[in-house]
Amino acid sequence: MFKKWIKGFKKTKDNLQEKLTALITGYKGLEDDFYDDLEEILITSDMGVATSMNLIEKLKVTVKAKRLETPAEALAQLKEEMTAILEKNDGALKYNSDSLTIWVVVGVNGVGKTTSIGKLAHEQKANGKKVFLAAADTFRAGAIDQLKVWGERVGVPVIAHQEGGDPGAVVFDSIESAKAKGADLLIIDTAGRLHNKDNLMEEMKKIGRIIEKVNGGPADEILLVLDGGTGQNAIAQGEAFNEALSGLTGLIITKLDGTAKGGVIIPLINQLSIPVKLVGIGEGIDDLEQFSASDFLEGLLGEED
Ligand SMILES: Nc1nc2c(ncn2[C@@H]2O[C@H](COP(=O)(O)OP(=O)(O)O)[C@@H](O)[C@H]2O)c(=O)[nH]1
Ligand SMILES: [Mg+2]
């Protein structure tokens, strides 16, 4: 039985498989046009230009080395290449065994940071963790209240100051408070002001310094949230954040419910070299799941429906 979110990939899969089947029947041998068409299929399936080109280049080399001759053989080889990309994905969330575990969540407005934090808090609490939340997005109107609503819903404390306040001060207070109350995990919501990279970088550096100072080490996770429904835009955003911030440890890909753009997970893992850790599959409290590369592959490329 597939998890709910894998079923959501059916659109992506049907789309991709239909095109690949047409390719197999359309070509007898592996001429240049075959590779051009295949590259186009990959690009239009949200694999990204760089990753698609990369996959095709590798495929050509392997086809030669293994003396493959038919489109069907080449496509089987392509699946292996995609598997290799996904298999390097380590989706486990990291905890601090010595001190308070701190996860910082970053990303632009509207991608689903606050919602993902609420869901994550719920899941971690259900796993027996004592969770605190920090409202360090003091920039966006309503962001603090939104996190407080989630805190009440889940039943976890939210440390907050006023709107427009200093995010660093919120982080400082939240760590002190979480430690004093014996919390296991603190999840920090931030404002993703990517349009002002220097500002974002300064703010994140400051938050990093405070965590380091008050907790005796860096954050255990810096999770970048990307809206999977935006396809190529998610890749561009991921690259921009990865350039602007050092030390991203994982991705949360949201809004994968009902999108045909799930293929974007492959270039994200390949091009950013950051593991996908969680996927958002709806607006409800339980609509966040650990990413499983093998389930994803089966959902995307498997033979079964
Ligand atoms: N369908 C769907 N909607 C989501 C998901 N995650 C977040 N949202 C919605 O996206 C909108 C923006 O989310 P929010 O958490 O406020 O984004 P933030 O600005 O990054 O904190 C809200 O309406 C959420 O309910 C998801 O996985 N699926
Ligand atoms: Mg928010």
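Computed over heavy atoms, backbone and side chain alike; hydrogens, waters and symmetry mates excluded. Counting convention: from 1, in listed order, for ligands and their atoms alike. As the structure is a computational prediction, the values presented were derived from the model and not from experiment. Residue numbers count from 1 along this sequence.
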Inset, instruction - Taking only Lys NZ, Arg NE, NH1 and NH2, and the carboxylate oxygens of Asp or Glu, determine whether K66 and E73 approach each other closer than 4.0 Å. - result: no
Among all protein heavy atoms, pick out the one at the shortest distance from [atom]; state its residue, atom name and that distance to 0.1 Å.
| atom | value |
| --- | --- |
| atom 26 (C) of ligand 1 | G282 O, 3.2 Å |
| atom 16 (O) of ligand 1 | Q146 NE2, 2.9 Å |
| atom 22 (C) of ligand 1 | E283 OE2, 4.0 Å |
| atom 12 (C) of ligand 1 | G110 O, 3.6 Å |
| atom 28 (N) of ligand 1 | D257 OD1, 2.9 Å |

Hey, are the side chains of [X] and [Y] touching, using non-hydrogen atoms and a 4.5 Å cut-off?
| X | Y | value |
| --- | --- | --- |
| Y95 | D184 | no |
| E123 | L288 | no |
| E80 | T62 | no |
| I85 | L55 | yes |

Inset, instruction - Check whether any heavy atom of G107 sits under 4.0 Å from an atom of ligand 1. - result: no
Please identify which atoms of ligand 1 are closer than 4.0 Å to at least one heavy atom of [X].
| X | result |
| --- | --- |
| N109 | 19 (O) |
| G280 | 27 (O) |
| I281 | 27 (O) |
| G112 | 7 (C), 13 (O), 14 (P), 15 (O), 17 (O), 18 (P), 20 (O) |
| V108 | 20 (O) |

Inset, instruction - Decide, counting backbone as well as side-chain atoms, whether T114 has an N, O or S atom less than 2.8 Å from the Mg ion (ligand 2). - result: yes
Legend entry - Lys NZ or Arg CZ of K181 over F132 ring: under 6.0 Å, within 45°: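 So K181 doesn't make the cation-pi contact.
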Inset, instruction - Examine the side chains of S273 and K88 and answer whether a donor and an acceptor come within less than 3.5 Å of each other. - result: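 S273 vs K88: no donor-acceptor pair found between side chains.
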Inset, instruction - Kindly assign one of parallel, tilted or perpendicular to the pair F291 and F296, based on the angle between their ring planes and the thresholds 30° and 60°. - result: tilted
Inset, instruction - Spell out, as yes or no, whether a donor-acceptor pair under 3.5 Å connects the side chain of S292 to the backbone of D295. - result: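 Checking the backbone N and O of D295 against the side chain of S292, a donor-acceptor pair under 3.5 Å is found.
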Inset, instruction - Identify the heavy atoms of D287 and E283 that sit nearest to each other, and give their distance. - result: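 Heavy atoms only, the tightest pair is OD2-N, 3.5 Å.
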Pairs of nitrogen or oxygen atoms closer than 3.5 Å, one from [X] and one from ligand 1: do any exist?
| X | result |
| --- | --- |
| K255 | yes |
| T115 | yes |
| S116 | no |

Inset, instruction - Check each of K119, E289, R140, K113 against atom 19 (O) of ligand 1 and report the one with the nearest heavy atom. - result: R140
